[in-house]
Amino acid sequence: MTATHLSTPADSVRSRASRIPLPDADAPQGAAPPTVKRRRAHARVLSETATVLLMRCDTGRYRAGQHLPTAADLAAQLAVPVTEVAIARTQLSGYGVLTEHTAGDGHTVTPREQWSVDRVVLSEPARRAAALLRAGLRAGRYRAGAVLPPEPHLWQVLGIRPSHRCEAHRILACEGLVTLPVGGAPPTVRPLGSAGVQASDAGTGGPTLVEAAVAALLVRGATNKEITARLRISRSALQQHLGYIGGRFDAVSRSNRVHAVLLGGWSVPPPADRSAPAFDGDDLLLLRALAEQPDHAAIGDVMVGATSTQRALTEWIRELTLRAGARCEEHLVGLGHTWGLLGVGARPGVPPVDAGRASDAPAAPPAPSSRNSPGQRARPPVPLPQDVGEIASRIAEGVGSGRYAAGILLSRAAVAADLGVPAPAAAQAINALLADGTLTPFGNGATAAGGRPDRGSHAEYLAARIRDQIRFGLYPPGRPLAPVVALAQCFATGPHPIQAAVRILLAEGVIVRGAGPYLVQDTTHRTGPARIPFPAPTGPHLDPEETHTLIRSARSRWQTRAYTPPETLQDQWEQLRRAAAQVLGDREGGVLARRLREAVTLPAPDGSYLRQWHSAVVATALHAHSPSR
């Protein structure tokens, strides 16, 4: 391989080293040797192999005083000819990085103070490109022996130049993940388990190249059609990447994903062609709610008092997007990071989503806003912070009484709204309870300590619910039980709890194994729970949009495990039953109608965890039977 940046051949390096004056043998002992003035050389004068060896010495893989492997071993590790290793060792010896042994094939690393060559300076885009390639290698995207694809359209989206990719290849070659490019050949992937390869674990769990490109376009407000056209991937592949991003960061909406990937460093904030608009406190609160809440229903709960209806909230979000010059809500959240209104480096004074309202700031009383309904009064000022110890004791009482159940997310905003205290004081109280063990970290907030007792018996409760459906007549004796996937979708849970419940029913003899699905046995001797009467269709009829909003709110609360006051849960359950009565009327219908009727006539379980889950089950059944589905 010819050195790409080699300015001095090996012979000239040896001759230059031989011209360095040595101490005179006849000089008296103890006399100072003549001063040798060496000029420091830039690392670009080295060949590719010498650069990688210098990076290994600089990063500590080959420490000072350590003997390097033989030329044959180094050539096998780097997958280069032995002659390239010989030239590289000669170059590094000429610049004081290595010391050649007097006998044998070997070199020793010298202390860094004796080096007369500068370190290899790696740019930030090169490090980012190396992290993306490393994540792709860890995820198995590139097989051993495969050529790393250039994929220029993806690198262009990420703003990484070809020179940065060359530096990234050197980084991966230093870690032993790829081979060095020999004679202009592209680098290839090395087996992770090959001898001599000790790859670094840095960057594990990071995004692959395609995921980073999806995140980069997502923060710029690109639509799914634009992303698929730009990245040349299918819609199903895009949905898989979006689903992975959402699962990786526990993000539900696209705005949540934008906020998460920017906080996680998967992408850089989008460029802004203007400065930040003059947002007031409510605008900043709405911006944080867009970034952190799963849907508009949850945003409306956070912005209660600032807006009256979902339609007014939608108009407010549209107005905020137009004022910021953003393409959509996701782009608005990305611009919030660009302007420093969101993220770790948010400007001081910007309230978080749970840090109180605009009236917390020292300002004049706000005038009536056009976002509120015509007869709505201005919100009263938030009271002064109360004693943190008193708030902590009230939270502890809620944990003891079961109001704050284990497995339910307690955010500062939810606790502050539930207790009627300022969010900063609630945050201090939560931190104090986290310190003494009453609460434990959970998501982006806290939850009651001591495990999840309600969730621990979730399989038993699911088994009881399947028994109730059998007694109700959904699955007659001798007929097959619904598949596990269908049951999981019906009960708004995963397949693993359903499988645990099925094992319980098998042990009890309620179901038996058939040739294909499970078969239901005769369970007439078992008594079921007392059912409540089916509600009469009263009140104003809900239109499909209102029903859909109600269903989405109940399901999103369960998906995010967000705390909901018991009073709100009870009201939501009653609204779901009333909507089911209006949809069903007096008709029996098919399986979906009987499943909805069974869920509605079953009493809601005790405990906020299971009651919130039961509301999601009713909402799922209503969604399956809704005509607007």
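Just so it is clear, the values below take in all heavy atoms, side chains as well, and ignore hydrogens, waters and symmetry mates. Positions are given from 1 along the sequence.
The heavy-atom pair separating L242 from R254 by the smallest distance is CD1-NH1, 3.9 Å. For the residue pair A272 and T338, the shortest heavy atom distance occurs at CB-CG2, 4.0 Å. Shortest non-hydrogen contact noted between A291 and L342 is CB-CD1, 4.0 Å. Contact detail for T620 and A492: the closest heavy-atom pair is OG1-CB, 4.0 Å. Of all the heavy atoms in V600 and A580, the pair that sits closest is CG2-CB, 3.6 Å.
Remark: side-chain polar atoms of E211 are paired, donor with acceptor, to backbone N or O of T208 under 3.5 angstrom. In this structure a side-chain-to-backbone donor-acceptor pair under 3.5 Å is present from N431 to A427.
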- Item | From CA spacing to verdict: side chain to side chain contact (heavy atoms under 4.5 Å, CB included), R465, L602 | CA-CA 9 Å; R465 290 289 289 110; L602 191 75; 3.4 Å; yes
- What's the verdict on side chain to side chain contact (heavy atoms under 4.5 Å, CB included) for I171 and M55, showing C-alpha distance, side-chain angles and the deciding distance? CA-CA 8 Å; I171 296 175; M55 291 172 61; 4.0 Å; yes
- With salt bridge (Lys or Arg N to Asp or Glu O under 4.0 Å) as the test, would you mind laying out the steps for E397 and R394 before giving the verdict? CA-CA 5 Å; E397 291 175 2; R394 293 174 62 184; over 6 Å; no
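Tested against D295 for a side-chain contact (heavy atoms from CB on, under 4.5 Å), the candidates S255, S253, S556 yield a single pass: S556.
R577 forms a cation-pi arrangement with W573, by the criterion of a distance under 6.0 Å to the ring centre and an angle within 45° of the ring axis.
Taken to the nearest 0.5 Å, the CG atom of L133 stands 8.0 Å off from the CD1 atom of I160.
Between F279 and W339, the ring-plane angle classifies as perpendicular under the 30° and 60° cut-offs.
Contact check on R327 versus E226 returns a salt bridge, with a Lys/Arg side-chain nitrogen under 4.0 Å from an Asp/Glu carboxylate oxygen. Ion pairing between a basic and an acidic side chain is recognised when a charged N comes within 4.0 Å of a carboxylate O; R134 and E175 show such pairing.
The list of salt bridge (charged side-chain N to carboxylate O under 4.0 Å, His left out) pairs with a residue in residues 417-430, not counting sequence neighbours, reads R403-D418.
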